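The structure appears below as structure tokens.
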Amino acid sequence: LGLQRDVNFHLRAYLSCKAMSSGSFSDKPLPVSSSGGRISADEVSIEQREPFTQNSVVMERILRRRSLQIRNKQQEWLDSPEGQKMLEFRRSLPAYKERDALLNAISQNQVVVVSGETGCGKTTQLPQYILESEIEAARGASCSIICTQPRRISAMAVSERVAAERGEKLGESVGYKVRLEGMKGRDTRLLFCTTGILLRRLLVDRDLRGVTHVIVDEIHERGMNEDFLLIVLKDLLPRRPELRLILMSATLNAELFSSYFGGAPTLHIPGFTYPVRAHFLENILEVTGYRLTPYNQIDDYGQDKTWKMQKQAQSFKKRKSQLSSAVEDALETADFRGYSLRTRESLSCWNPDSVGFNLIEHVLCHIVRQERPGAILVFMTGWDDINSLKDQLQAHPLLGDPSKVLMLACHGSMPSSEQRLIFEKPEDGVRKIVLATNMAETSITINDVVFVVDCGKAKETSYDALNNTPCLLPSWISKAAARQRRGRAGRVQPGECYHLYPKCVYDTFADYQLPELLRTPLQSLCLQIKSLELGGITEFLSRALQPPELLSVQNAVEYLKIIGALDENENLTALGRNLSMLPVEPKLGKMLILGAIFNCLDPIMTIVAGLSVRDPFLMPFDKKDLAESAKAQFSGQEYSDHIALVRAYEGWKEAERERSGYEYCWKNFLSAQTLKAIDSLRKQFFYLLKDTGLVDQNLENCNKWSRDEHLIRAVICAGLFPGICSVVNKEKSIALKTMEDGQVLLYSNSVNAGIPKIPYPWLLFNEKVKVNSVFLRDSTGVSDSVLLLFGGSISRGGLDGHLKMLGGYLEFFMKPALADTFLSLKRELEELIQTK
Ligand code: CDP
Ligand code: MG
């Protein structure tokens with residue numbers, strides 16, 4: 001069986017699985033809080049204060065004195081010249097005119113909905129108005145305002161800005177808290193945090209004791225966490241009549257939220273933006289020297305409603321003649337919503353499936369060379385695209401002197417040092433170009449933007465409940481989002497917006513984007529519902545603003561049962577309770593827990609960090625072969641992307657010690673930035689796991705088995721199951737099959753892709769994505785016995801139930817004989833347990 005070389009290994013596996021199912025980890029008991037949830041110190045660090053019970057008079061006097069101190073300190077700042085200047089700026093924002101009306105509404109109503117144009121001062125001002133009015137009323141020391149943001153970067157950027165507006169350092173009266181990071185002090189009264197952090201706090205403090213105001217920002221985005229939080233808060237409000245809830249939204253669908261909260265009053269902050277001229281593709285081509293003509297008006301290909309791109313500008317003539325033969329080959333037809341658009345791909349004018357980089361490049365060159373000064377904000381689909389375009393544009397001949405162009409990227413996972421540059425005004429004569437994802441639509445404001453380039457797409461997760469497959473595809477944005485993007489150009493002066501798609505396509509956009517709750521797998525959410533003891537999952541979710549499909553909910557519950565987080569009756573198991581406390585997806589959490597139990601923590605932490613940050617292996621387009629072979633070397637004979645990641649990371653650590661980390665990354669096509677992020681996430685995981693009591697204080701013990709690749713493979717299997725696909729080695733190729741999708745393919749950058757034979761019958765994968773076919777991302781080969789022991793959980797009706805569940809898989813993959821093997825393995829193990 002391949003595993004029999006180590007009987008102890010079997011035994012440990014069996015005992016741990018059994019222990020997990022019976023709800024107790026035999027050798028490492030978990031600390032459990034009185035409320036039933038386990039407390040992790042890091043996540044609970046949002047200030048929690050008991051209501052005053054004893055000595056309340058004395059306490060109140062102390063708080064009053066502290067409030068006065070806060071007030072005096074603030075007054076000092078306001079008297080200083082910088083303070084005056086800042087105050088003047090703050091008073092110039094549209095929100096200031098509504099200050100009294102806002103505060104009045106908040107004091108009179110438990111729930112208030114506030115809407116206003118982006119940049120009018122909702123996020124930075126409104127929480128401050130509340131804080132200031134509390135300070136004025138000498139309640140400054142006893143208020144606690146929490147303002148949630150959908151993204152880490154906005155929580156961090158906004159808190160920094162607000163602290164600066166108050167003439168303070170971050171962590172005094174204003175702080176922030178995001179996953180695994182934060183800055184807050186004893187006196188922090190206004191805390192910006194991600195929505196996830198507030199949900200985590202609710203785990204251990206269901207009534208949000210001590211919190212006076214909750215502000216949920218950017219609700220128009222309809223993120224899953226925000227929709228979820230609203231259901232929880234709606235339940236909480238009657239229990240906490242003095243708690244105030246403020247919902248803030250950029251666009252004007254405020255009535256939806258108002259009616260959800262029983263007709264809560266809505267306040268609109270009228271904003272001012274300069275006019276922005278919108279150019280759609282037809283017009284852009286003319287403005288910039290291209291021309292677009294209805295295709296059937298020109299020549300022989302005539303079809304109704306087809307367009308042909310024609311390059312006409314003199315300066316492009318030469319390039320055109322070089323390209324023309326390639327162009328003829330690449331004529332492409334794509335059907336799009338009733339329009340058949342013919343594009344000449346090599347000229348990359350426009351293709352509805354991928355907006356060509358050269359078009360963006362072309363528009364950027366036009367602005368840099370021909371237009372007035374002002375920063376350019378480019379909306380792209382994702383991190384990968386941003387990075388490739390950034391590389392491509394560095395030292396682009398048409399952009400002129402490189403020292404006169406400041407190219408910056410803006411996306412959710414960038415380091416904070418880079419974030420700051422985005423907001424800063426560049427030197428005179430330097431053109432700032434910010435390549436951003438859709439996060440620059442509403443949550444951050446870059447003041448000096450005059451030009452916006454909008455590719456019209458955003459990478460959107462969607463979820464195919466029928467096949468239980470998540471899809472991640474760039475898809476068209478909504479009309480609301482397009483308007484929002486355009487609005488970013490009119491902050492300081494009249495602006496220009498280049499929409500890189502024809503007007504007829506814009507007309508087909510949906511008005512608003514579908515809420516995330518309706519387009520993502522719901523596993524983590526269902527786990528949270530259970531751990532917050534919010535009742536039946538289906539019933540709870542039916543109370544959402546727009547409830548998800550029943551099938552999606554059922555799939556999620558079934559998944560949680562398979563991995564052993566819920567039992568047959570949908571109750572949380574011990575494993576489930578632990579998983580809900582870890583800030584990673586359930587499967588990754590399970591891997592961490594098992595990594596701790598099996599004392600192979602180091603490599604497992606690396607894998608989980610890698611899977612939750614992003615892949616550190618770079619695949620430059622022009623050096624793909626070299627990059628792939630560099631990655632393959634790390635995998636060696638392991639047939640595992642995950643083990644390749646562990647080895648690459650360890651090699652980097654080693655190189656860092658010798659101060660040659662940079663060369664190492666260069667040579668092996670690795671991203672040093674990503675490896676650093678993995679490194680810091682690993683540290684955080686370690687502290688979290690230490691809090692749970694699952695890992696030993698002694699690092700060496702945690703890593704007793706870290707070199708045992710066999711064991712690591714087993715833990716990967718336990719985490720990733722049921723992400724399983726069977727491998728059939730054919731003569732020259734390999735056929736891969738999953739139960740839901742049938743034939744699947746591997747992404748070409750997997751070490752298991754494109755090889756003639758995989759000596760394992762199964763591949764476990766982390767993620768599958770439907771693009772055209774279904775593709776598996778990272779994968780690891782495992783043997784039958786590892787799958788039998790680690791796939792799924794014994795909590796489903798003991799060993800027999802486990803076998804039955806696996807039996808479904810084995811039958812599907814036509815491997816019924818494995819069931820017998822499993823039975824004999826089971827007997828062997830039981831005998832072993834008897835004798836030990
Ligand atoms: O939330 P909302 O979109 O309504 O606006 P905000 O984020 O509160 O920003 C209000 C104003 O503060 C913006 O118009 C910017 O001028 C300024 N601001 C800034 O200068 N630096 C930041 N990091 C954030 C905002
Ligand atoms: Mg805002």
Side-chain angles (χ1 to χ4, degrees), residues 82 85-99 102 112-132 145 147-168 170 174 176 190 192-195 215-221 223 226 246-252 254 267-274 375 377 408 410 414 416-426 432 434 436 438-450 480-481 483-493 495:
E82 299 92 358
K85 214 169 120 198
M86 191 57 96
L87 194 63
E88 231 166 77
F89 168 78
R90 293 186 52 204
R91 289 188 171 163
S92 72
L93 291 173
Y96 186 71
K97 287 195 201 73
E98 306 296 321
R99 186 179 188 270
L102 288 166
V112 177
V113 183
V114 180
S115 70
E117 281 295 323
T118 308
C120 72
K122 294 181 301 298
T123 313
T124 55
Q125 305 306 307
L126 192 78
Q128 278 197 85
Y129 296 159
I130 298 172
L131 180 63
E132 286 159 357
I145 307 159
C147 178
T148 68
Q149 296 292 315
R151 280 174 279 270
R152 298 162 63 83
I153 173 179
S154 39
M156 290 154 86
V158 165
S159 60
E160 195 171 315
R161 169 72 191 175
V162 172
E165 287 188 5
R166 304 181 57 71
E168 292 174 359
L170 198 54
V174 184
Y176 79 86
L190 167 54
F192 290 92
C193 64
T194 49
T195 316
I215 306 172
V216 187
D217 202 359
E218 315 280 8
I219 47 167
H220 62 274
E221 282 188 20
E226 287 72 23
I246 299 111
L247 308 174
M248 301 203 293
S249 136
T251 35
L252 268 174
L267 266 119
H268 180 64
I269 304 174
F272 173 78
T273 45
Y274 290 91
L377 176 61
L408 298 167
C410 169
M414 72 187 152
S416 26
S417 54
E418 218 171 285
Q419 274 170 41
R420 224 155 289 141
L421 283 176
I422 295 170
F423 300 108
E424 278 168 19
K425 220 178 149 123
K432 180 163 85 177
V434 182
N438 53 347
M439 65 169 296
E441 262 169 36
T442 57
S443 47
I444 63 165
T445 300
I446 306 167
N447 265 332
D448 47 347
V449 172
V450 179
R483 261 199 314 276
Q484 187 63 34
R485 289 180 174 192
R486 189 185 316 152
R488 313 312 275 149
R491 312 249 336 121
V492 281
Q493 51 172 283

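Fair warning: this is a prediction, and the values are worked out from it, not measured in the lab. Read the numbers this way: they start at 1 and go in the same order the structure lists the ligands and their atoms.
Residues I130 and I246 have side chains in contact (heavy-atom distance under 4.5 Å, counting atoms from C-beta outward). Looking at E98 and V114, their side chains never come closer than 4.5 Å, going by heavy atoms from C-beta outward. In this structure, the side chains of R151 and E221 come closer than 4.5 Å at one or more pairs of heavy atoms. For the pair K122/S249, no side-chain contact is recorded, criterion being any heavy-atom separation below 4.5 Å from C-beta on. In this structure, Y176 and V158 have side chains that are not in contact, with every pair of non-hydrogen atoms separated by 4.5 Å or more.
Heavy-atom minimum distance, Y129 versus A95: OH-C, 3.5 Å. Closest approach of T118 to R491, counting heavy atoms only: O-NH1, 3.4 Å. L93 approaches G121 most closely through the heavy-atom pair CD1-CA, 4.4 Å.
Heavy-atom proximity to K122, at under 4.0 Å, picks out these atoms of ligand 1: 1 (O), 2 (P), 3 (O), 4 (O), 5 (O), 8 (O). Of all the atoms in ligand 1, the ones that sit under 4.0 Å from a non-hydrogen atom of E117 are 4 (O).
Take D217 and apply the side chain to side chain donor-acceptor pair (under 3.5 Å) test, not counting sequence neighbours, and it matches T123, Q149. Contacts of E165 classified as salt bridge (Lys or Arg N to Asp or Glu O under 4.0 Å), with partners at least two apart in sequence or in another chain: R90, R161.
Comparing V162, T124, T118, V114 by heavy-atom distance to atom 8 (O) of ligand 1, the nearest is T124.
Considering backbone and side-chain atoms alike, G119 places an N or O below 3.5 Å from some N or O of ligand 1. For ligand 1, the polar-atom distance check against T123 finds a nitrogen or oxygen pair separated by under 3.5 Å. For ligand 1, the polar-atom distance check against C120 finds a nitrogen or oxygen pair separated by under 3.5 Å. Polar contact check, F423 against ligand 1: no nitrogen or oxygen pair lies under 3.5 Å apart.
Residue contacts with ligand 1, taken as heavy atom pairs separated by less than 4.0 Å, do not involve E160 at all. Contacts between N447 and ligand 1 below 4.0 angstrom, taking non-hydrogen atoms only, involve the side chain exclusively. The side chain of R161, and not its backbone, has at least one atom closer than 4.0 Å to an atom of ligand 1 (non-hydrogen atoms only; side chain from C-beta on).
Side chain of R488 to main chain of A440: a donor-acceptor pair is present (N/O by atom type, distance under 3.5 Å, no hydrogens or angles).
Counting protein heavy atoms only, atom 14 (O) of ligand 1 is closest to R491 NH2, 2.3 Å. Protein heavy atom at the shortest distance from atom 17 (C) of ligand 1 is F89 CZ, 3.7 Å.
Residue-ligand proximity: G121 is placed with a non-hydrogen atom under 4.0 Å from ligand 1.
Ordered by chain and number, T123 OG1 make up the set of protein N, O or S atoms under 2.8 Å of the Mg ion (ligand 2).
Residue pairs meeting the salt bridge (charged side-chain N to carboxylate O under 4.0 Å, His left out) criterion with at least one member in residues 440-449, sequence neighbours excluded: K432-D448, E441-R485.
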